[in-house]
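Here's the structure, in structure tokens; my notes come after.
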4 protein chains.
Amino acid sequence: MTDTARSRAILTTASRLFAEKGYGNATTSEIARAAGVAEGTLYHHFGSKDGIFLTLFDETIDGFLAGIEELLGRRTTGRETLAALARFLFDYVSRHQERYLILLRDFPVHLTVQQFAKGSPQREKLDRVTELFSRVLARGKADGTLELPFPVRETAEMLRGTFYGTTRLKMLGLIQAPFPRLGRMAESYWLKALASRRAPKTPRRTP
Amino acid sequence: MTDTARSRAILTTASRLFAEKGYGNATTSEIARAAGVAEGTLYHHFGSKDGIFLTLFDETIDGFLAGIEELLGRRTTGRETLAALARFLFDYVSRHQERYLILLRDFPVHLTVQQFAKGSPQREKLDRVTELFSRVLARGKADGTLELPFPVRETAEMLRGTFYGTTRLKMLGLIQAPFPRLGRMAESYWLKALASRRAPKTPRRTP
Amino acid sequence: MTDTARSRAILTTASRLFAEKGYGNATTSEIARAAGVAEGTLYHHFGSKDGIFLTLFDETIDGFLAGIEELLGRRTTGRETLAALARFLFDYVSRHQERYLILLRDFPVHLTVQQFAKGSPQREKLDRVTELFSRVLARGKADGTLELPFPVRETAEMLRGTFYGTTRLKMLGLIQAPFPRLGRMAESYWLKALASRRAPKTPRRTP
Amino acid sequence: MTDTARSRAILTTASRLFAEKGYGNATTSEIARAAGVAEGTLYHHFGSKDGIFLTLFDETIDGFLAGIEELLGRRTTGRETLAALARFLFDYVSRHQERYLILLRDFPVHLTVQQFAKGSPQREKLDRVTELFSRVLARGKADGTLELPFPVRETAEMLRGTFYGTTRLKMLGLIQAPFPRLGRMAESYWLKALASRRAPKTPRRTP
DNA sequence: GATGAATGAGTGTTCATTCAT
DNA sequence: TATGAATGAACACTCATTCAT
């Protein structure tokens with residue numbers, strides 16, 4: 001469809017410009033020009049500059065959440081799921097760097113803390129990340145493959161912080177190690193910190 | 001000095017307003033009004049709005065770096081230094097939340113994109129953080145109290161990412177666990193992931 | 001006809017929205033949406049946003065003029081016609097408040113400045129109002145039931161101003177008295193100001 | 001003062017442009033250019049385009065209210081005050097046509113009925129007009145020089161409507177009679193409608 | 001006739017910075 | 001040193017109108 005083609009062109013262009021210059025420094029007229037559409041067309045399709053941003057946000061995080069859910073669907077042990085999670089996370093971000101950069105760099109800054117309300121769909125998606133991390137840990141706790149000296153939820157929050165912070169510093173150029181290495185390190189250290197040293201309660205594969 | 005009193009008023013006010021509304025949403029006229037000075041006075045003292053920000057940045061990070069250096073100066077074992085580091089980091093951020101919020105929330109987006117050059121004094125201070133983390137780990141590797149399956153530098157980067165990400169998510173309201181709990185969790189998990197399970201090469205206290 | 005049904009829906013919707021928010025604040029897309037038609041359909045039927053307005057204007061003022069002409073057709077004395085006019089005017093406006101509000105509130109500012117040329121059909125209708133007022137007064141002057149110390153035309157202009165201003169202030173919420181009261185007051189004061197105190201030249205009822 | 005000179009230049013220019021093209025059609029950049037100042041200066045002094053308008057409004061209506069109050073201060077009989085009021089009103093408007101045109105033509109239209117709240121200073125000034133009209137009538141009722149078959153307040157509303165409507169239609173070009181003539185007609189007809197035909201209760205001059 | 005996606009000139013407003021006093 | 005009035009380029013956004021289908 002022409003419609004989709006134009007929307008897509010706007011999203012692609014905006015994604016690039018946001019990544020290059022930051023959300024605040026990319027102007028709507030610039031995006032329109034680069035996308036080959038009139039400025040009004042931006043507003044016809046997305047309602048506002050924020051609307052473009054939030055569409056990119058949604059698309060990016062949706063794929064991200066789906067990936068984690070897919071891992072959980074495999075029904076491997078908690079330990080194995082955690083290992084797979086570490087590999088997936090850094091791999092996913094590595095493969096979608098541009099989109100992820102925008103999300104990581106620009107999101108919470110321009111939407112003020114207050115505006116970023118608890119009930120918004122975006123906020124719910126962000127909360128869902130911690131929820132999925134929790135499910136991985138809970139599975140390991142249940143099947144005895146993981147050992148947590150702290151509550152599941154709070155450990156999940158810290159785990160997420162590790163991933164988030166490492167990725168963000170990497171994107172900001174403050175970390176030199178390449179993404180694949182970061183993934184392997186995360187897998188190794190997370191397991192050292194969390195894997196049970198005793199034999200699991202249940203057989204290797206959960207039913 | 002009157003001069004210093006005015007500068008300090010500006011910094012204090014700016015710090016509060018940046019924290020409340022974000023760097024981009026706090027205007028210079030607003031800062032001047034709230035600080036009880038003329039708008040031009042801001043420019044006499046700090047040259048630009050960015051100048052105010054960078055002064056706050058410097059002050060905040062200087063205390064932070066000094067704190068870590070002080071830890072290293074105690075010459076405890078690597079393992080003990082790492083434990084103390086975890087406690088110090090979250091405690092420090094907790095005690096300077098306002099300043100830190102600005103640094104964590106506003107800094108990178110605003111100055112990072114291109115302009116945040118490798119040679120700048122601020123960049124060097126940021127790099128110094130990883131360097132100090134590395135020294136903690138290197139000490140543990142040398143005295144046998146820590147065990148690193150990956151290079152010191154890269155492990156330091158990940159460690160820093162953990163701290164940075166956890167703190168930032170906390171500041172953005174995406175983490176519920178309170179700061180002291182985060183500190184205890186970091187200490188516990190970092191040691192589980194990095195502490196040597198064998199007896200240390202050297203006696204407990206380095207001479 | 002489908003055509004007429006659509007036109008009518010557009011006019012009804014536009015009338016409501018103009019009254020609610022003012023001509024300038026009601027958008028064509030909003031009117032189209034509320035009327036259940038496509039935006040382009042507005043242009044097929046009325047050519048422009050102004051076209052919709054002018055159609056409403058014509059419909060409203062046509063009924064108004066017809067009402068006054070009907071009064072004149074009754075061939076009562078000038079005094080009686082003037083009394084009937086006062087009652088009719090406020091009653092008519094009261095019964096068509098929505099339409100009249102638009103005409104009174106939005107018309108002149110929007111089309112008057114320059115563009116509201118002497119020759120336009122709308123201008124002629126507006127001029128016709130004063131003309132009909134003049135005919136009422138002229139009749140009274142002729143039959144001796146009214147007594148005018150000033151020329152008929154100019155008195156008619158002032159009379160019209162009274163009606164127009166009272167109505168407009170009422171619509172703008174600056175007058176508290178209800179419409180029926182305004183009608184009774186107009187009738188009373190107009191007669192006090194204009195009715196002849198001597199016996200009429202002609203018998204009560206004109207042949 | 002330079003300050004006042006610039007403000008005044010802006011007000012004078014805006015007044016002219018609003019009168020020429022209407023509030024909505026005069027742009028801020030146009031006003032700034034014509035006034036010989038930067039566009040930002042408009043906002044420095046008046047905060048918004050509306051702010052300029054409201055300043056003009058206040059200045060115009062303040063002189064108007066002061067004029068009526070001065071009449072009331074003379075303590076002549078109600079009848080004489082009413083006659084003086086009629087002459088003053090049309091004379092005042094005639095002498096400040098440009099300013100008055102803006103007020104009459106543009107005011108209630110662009111500030112929506114809802115926004116034009118009861119408590120606003122502007123609304124209070126408008127309400128004060130009717131109040132002063134009432135005081136004129138009340139004086140005449142008290143001293144027996146005026147005779148009102150309807151309540152003072154409502155008669156004042158109608159009187160005001162007469163003045164307002166006549167003036168507005170004149171400004172819109174729908175009335176041909178010149179201002180001085182309108183003043184004389186108002187005086188004559190108002191007295192005919194309201195003056196007592198009996199001897200006044202009190203001597204001619206109120207103490 | 002009917003549609004509605006696309007248009008783009010135009011708008012009011014912002015705000016970091018300057019500079020004469 | 002301190003002031004604050006003045007600046008003006010830049011911005012996100014609006015909306016009546018068009019036209020290919």
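Naming: A, B, ... by sequence-line order, numbering from 1 per chain. Values in this document were obtained by computation on a predicted structure and should not be read as measured data. Just the heavy atoms: all of them, side chains too, but no hydrogens, waters or symmetry mates, feed the values below.
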(message) Whole angstroms only, please: what is the OH-P distance between D:Y43 and F:dA9?
(response) 16 Å

(request) Would you confirm whether A:T41, through its side chain, and A:V37, through its main-chain N or O, come within 3.5 Å as a donor-acceptor pair? (result) no

(request) Find the distance C:K21:NZ to F:dC15:C1' and express it as a whole number of Å. (result) 13 Å

(message) How close do B:A35 and B:A9 get, counting heavy atoms only, and between which atoms?
(response) CB-O, 3.9 Å

(request) State, to 0.1 Å, how close D:T12 and D:E98 come at their nearest heavy-atom pair, and which atoms those are. (result) O-OE2, 4.4 Å

(request) Considering just the side-chain nitrogens and oxygens of A:R33, establish if one lies under 4.0 Å of OP1 or OP2 belonging to E:dT7. (result) no

(message) Whole angstroms only, please: what is the OH-C1' distance between A:Y23 and F:dC11?
(response) 12 Å

(message) Let me check I have this right: for DNA chain E, each base becomes ., (, ), [, ] or |, based on Watson-Crick or G-U pairs with both distances under 3.5 Å. What is the full string?
(response) .||||||||||||||||||||

(message) Taking only side-chain N and O atoms of D:T28, does any of them lie within less than 4.0 angstrom of OP1 or OP2 on E:dG12?
(response) yes

(message) From C-beta outward on D:K49, which listed nucleotide comes closest to its side chain: F:dA16, E:dT13, E:dA6?
(response) E:dT13

(message) Please give me the minimum heavy-atom distance between D:A19 and D:L101, naming the atom from each residue.
(response) O-CD2, 3.8 Å

(request) Using a 4.0 Å heavy-atom cut-off across all strands, classify D:S29 as base, sugar-phosphate, or nothing. (result) nothing

(request) Please report, rounded to the nearest Å, how far the C1' atom of E:dA16 is from the CG atom of B:L54. (result) 15 Å

(request) Classify the nucleic acid contact of A:T27 as base, sugar-phosphate or nothing, counting any heavy atom under 4.0 Å across all strands shown. (result) sugar-phosphate

(message) Between B:Y23 and B:D50, does the side-chain contact (heavy atoms from CB on, under 4.5 Å) criterion hold? Intermediate values first, please.
(response) CA-CA 9 Å; B:Y23 179 85; B:D50 279 2; 2.4 Å; yes

(message) Looking only at side-chain N and O atoms, does D:E39 offer a donor or acceptor that is under 3.5 Å from a partner on D:S29?
(response) no

(request) Mind checking side chain to side chain donor-acceptor pair (under 3.5 Å) for C:D62 and listing every partner two or more places apart, or none if nothing turns up? (result) C:K125

(message) Nearest whole Å is fine: how far is E:dG4 P from C:I10 CD1?
(response) 13 Å

(request) Kindly indicate whether a cation-pi arrangement holds for C:K49 with C:Y43, taking the cut-offs as under 6.0 Å to the six-membered ring centre and within 45° of the axis. (result) no

(message) Taking the side chain as everything from C-beta on, heavy atoms only, tell me whether D:I52 gets closer than 4.5 Å to D:F18.
(response) yes

(request) Output yes when at least one side-chain N/O atom of C:H44 is less than 4.0 Å from OP1 or OP2 of E:dA2, else no. (result) no

(request) For F:dT1, take OP1 and OP2 only and decide whether either is under 4.0 Å from a side-chain N or O of B:H45. (result) no

(request) Starting at atom CZ of D:F46, determine the distance to atom P of E:dG12, rounded to an integer number of angstrom. (result) 16 Å

(request) Please report the shortest heavy-atom distance between B:S15 and B:R99, naming the atom on each side. (result) OG-NE, 3.3 Å

(request) Using atom CD1 of C:I31 as one end and atom P of E:dG4 as the other, report the distance to the nearest whole Å. (result) 17 Å

(message) What is the distance, to the nearest angstrom, from the CG atom on B:N25 to the P atom on E:dT14?
(response) 13 Å

(message) Is there a side-chain contact between D:R6 and the phosphate of F:dG4, meaning an N or O under 4.0 Å from OP1 or OP2?
(response) no

(message) Below 4.0 angstrom, which residues in residues 34-42 of chain C have at least one non-hydrogen atom near DNA chain E?
(response) C:V37, C:A38, C:E39, C:G40, C:T41

